[in-house]
Amino acid sequence: MGAVGIVRWDPADTTALRGCQEVWGAALDIDDADGPRMRGQTLAAWLGQGFTGDPAETWYLPGTAPGSVAGWYRLELPDIENRDRAMLMIVTDPAQRRRGVGGRLLRHAAERAAEKGRTVLWGEVRDGSAGDAFAVAIGAKQGIAATIRRLDLRPGPGKTVPGKTVPAEKFARLHAEAAAAATGYSLVRWTVPTPPEYLDALAGVLNAYADAPHDEGYEAGDWDGERVRERADAPLLAMGVRGYVIAAVHDATGEMAAMTQLAVVPDSPEWGHQGLTAVTRRHRGHRLGLLVKTAMLEWLAEAEPAIERIDTGNAAANDHMIAVNDALGFELDPPAYHTVELEVSPRRI
């Protein structure tokens, strides 16, 4: 690559954005050939603020051809919890692998993280991928294991993930079973942005995520209504993403007890992206997770008829949510993935 330097991406630079998009697409063609892609406005907004509104910066290494990109990284710098960490994603053009591009980007990212007072780099890699091998080579510590599952709603012959076609009546049957166990709860639903009357209640359910499996040292978010508006809704709106939420409310107390989120990117309406599903501790044991997820699938059949597949990630230790997803017909889409951590030390990297 000669003496070409690493450049900070400018949101106004659409040429560099296309280069980053093309490189990521080429990498995904190897690591997740059948999976969804992030493009255009959605990618640009994500590079700048992600899904949580945390400060982030993106840097890239120009390629030899005009407008091309050899590799890039996105560094997210949480500013509420996890302020000792920097969330790092490195993407390298497959044609440039094993030529030092990843190492250059990593060293640069470590320097930036150190300047921001971070002591840990954190990321995710698919098992057995080039990223996994890279993480091992640099001495990264392996963290929590997770899996990708996909619900394929297409007719059998068009399926690319092996499995049986989901019967049309299956979701209605499961919803009825869950509703029978959830007597005393009612469902409410909305599209993002969250209506003002639900902001604080939704924050309370989001806080239930604190007891889900996490890496050691990871701090779960402490949500309130303002944070929901600024750090959950606003990023989706900036990306142009359609966000759907269904919640279960306890009739006797009016307390929001459970919720599930799902997002659809306009330029890829065939994909649904499962967000968080959570049930507050005091309301568990009433099949509320299954209730809200089946209600979501029935709603999407009307609101987003182009959806063909839905993807979701689960910590391997999250047995309850995995059981719910299995019941709905989600199937493992290997390889799995895991988190990795690396102490910030540019001189050692």
Side-chain angles (χ1 to χ4, degrees), residues 8-12 17 38-58 74-89 112-113 116-118 120 122-124 188-212 214-215 217-249 254-267 272-280 292 296 303 312-313:
R8 185 164 184 173
W9 174 65
D10 180 346
L17 176 65
M38 199 181 296
R39 309 178 182 91
Q41 174 192 352
T42 305
L43 175 59
W46 177 77
L47 289 176
Q49 67 174 4
F51 294 107
T52 58
D54 284 307
E57 51 189 57
T58 298
R74 180 182 185 276
L75 192 70
E76 187 169 286
L77 302 159
D79 61 348
I80 303 178
E81 296 87 18
N82 300 299
R83 288 182 291 180
D84 62 327
R85 294 170 176 245
M87 314 307 182
L88 176 64
M89 176 179 180
R112 293 294 300 169
K116 300 295 184 179
R118 309 304 164 117
V120 176
W122 179 92
E124 297 175 343
V188 295
R189 71 187 193 186
W190 64 88
T191 56
V192 172
T194 304
E197 64 268 27
Y198 294 138
L199 285 168
D200 289 334
L202 178 61
V205 183
L206 290 173
N207 285 328
Y209 184 61
D211 61 3
H214 296 295
D215 281 319
Y218 178 86
E219 299 172 346
D222 184 11
W223 291 85
D224 58 23
E226 181 179 0
R227 186 171 180 177
V228 170
R229 184 176 59 249
E230 298 298 327
R231 294 299 187 99
D233 291 353
L236 289 184
L237 294 172
M239 293 180 192
V241 171
R242 296 191 289 268
Y244 295 85
V245 184
I246 288 188
V249 176
E255 182 179 359
M256 191 173 289
M259 69 89 201
T260 190
Q261 305 164 318
L262 191 136
V264 177
V265 179
D267 64 359
H273 305 282
Q274 178 67 57
L276 179 65
T277 300
V279 181
T280 60
V292 294
M296 177 66 78
T312 187

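Positions are given from 1, in the same order as the sequence printed here.
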Student: For L199 and V228, which heavy atoms make the closest approach, and how far apart are they?
Tutor: CD2-CG1, 3.7 Å

Student: Hey, could you give me the CD/OG1 distance between Q261 and T194, rounded to the nearest 0.5 Å?
Tutor: 8.0 Å

Student: What closest approach, in Å, do M87 and Y218 show between heavy atoms, and which atom pair accounts for it?
Tutor: CE-CE1, 4.4 Å

Student: Can you give me the closest heavy-atom contact between G225 and A203, atom names plus distance?
Tutor: N-CB, 3.9 Å

Student: Sub-3.5 Å donor-acceptor pair from the side chain of R118 to the main-chain atoms of D84, do we have one?
Tutor: no

Student: Do H214 side-chain atoms and Y209 backbone N/O form a donor-acceptor pair below 3.5 Å?
Tutor: yes

Student: Give a yes or no answer on whether the side chain of E81 reaches the backbone of D222 with a donor-acceptor pair at less than 3.5 Å.
Tutor: yes

Student: Rounded to the nearest 0.5 Å, how far does CH2 of W223 lie from CG of N207?
Tutor: 9.0 Å

Student: Which heavy atom in A45 sits nearest to a heavy atom in M239, and how many Å separate them?
Tutor: CB-CG, 3.5 Å

Student: Which value, rounded to the nearest 0.5 Å, describes the distance between M259 atom CE and Y198 atom OH?
Tutor: 15.0 Å

Student: Side chains of V241 and T42: does their closest heavy-atom pair fall under 4.5 Å?
Tutor: yes

Student: Report the distance from atom NZ of K116 to atom CG of L75, rounding to the nearest 0.5 Å.
Tutor: 9.0 Å

Student: What's the spacing between L88 CG and R74 CZ if we round to 0.5 Å?
Tutor: 10.5 Å

Student: Under 3.5 Å, is there a donor-acceptor pair linking the side chains of W122 and N82?
Tutor: no

Student: Nearest 0.5 Å, please: how far is CD in E255 from OG1 in T280?
Tutor: 5.0 Å

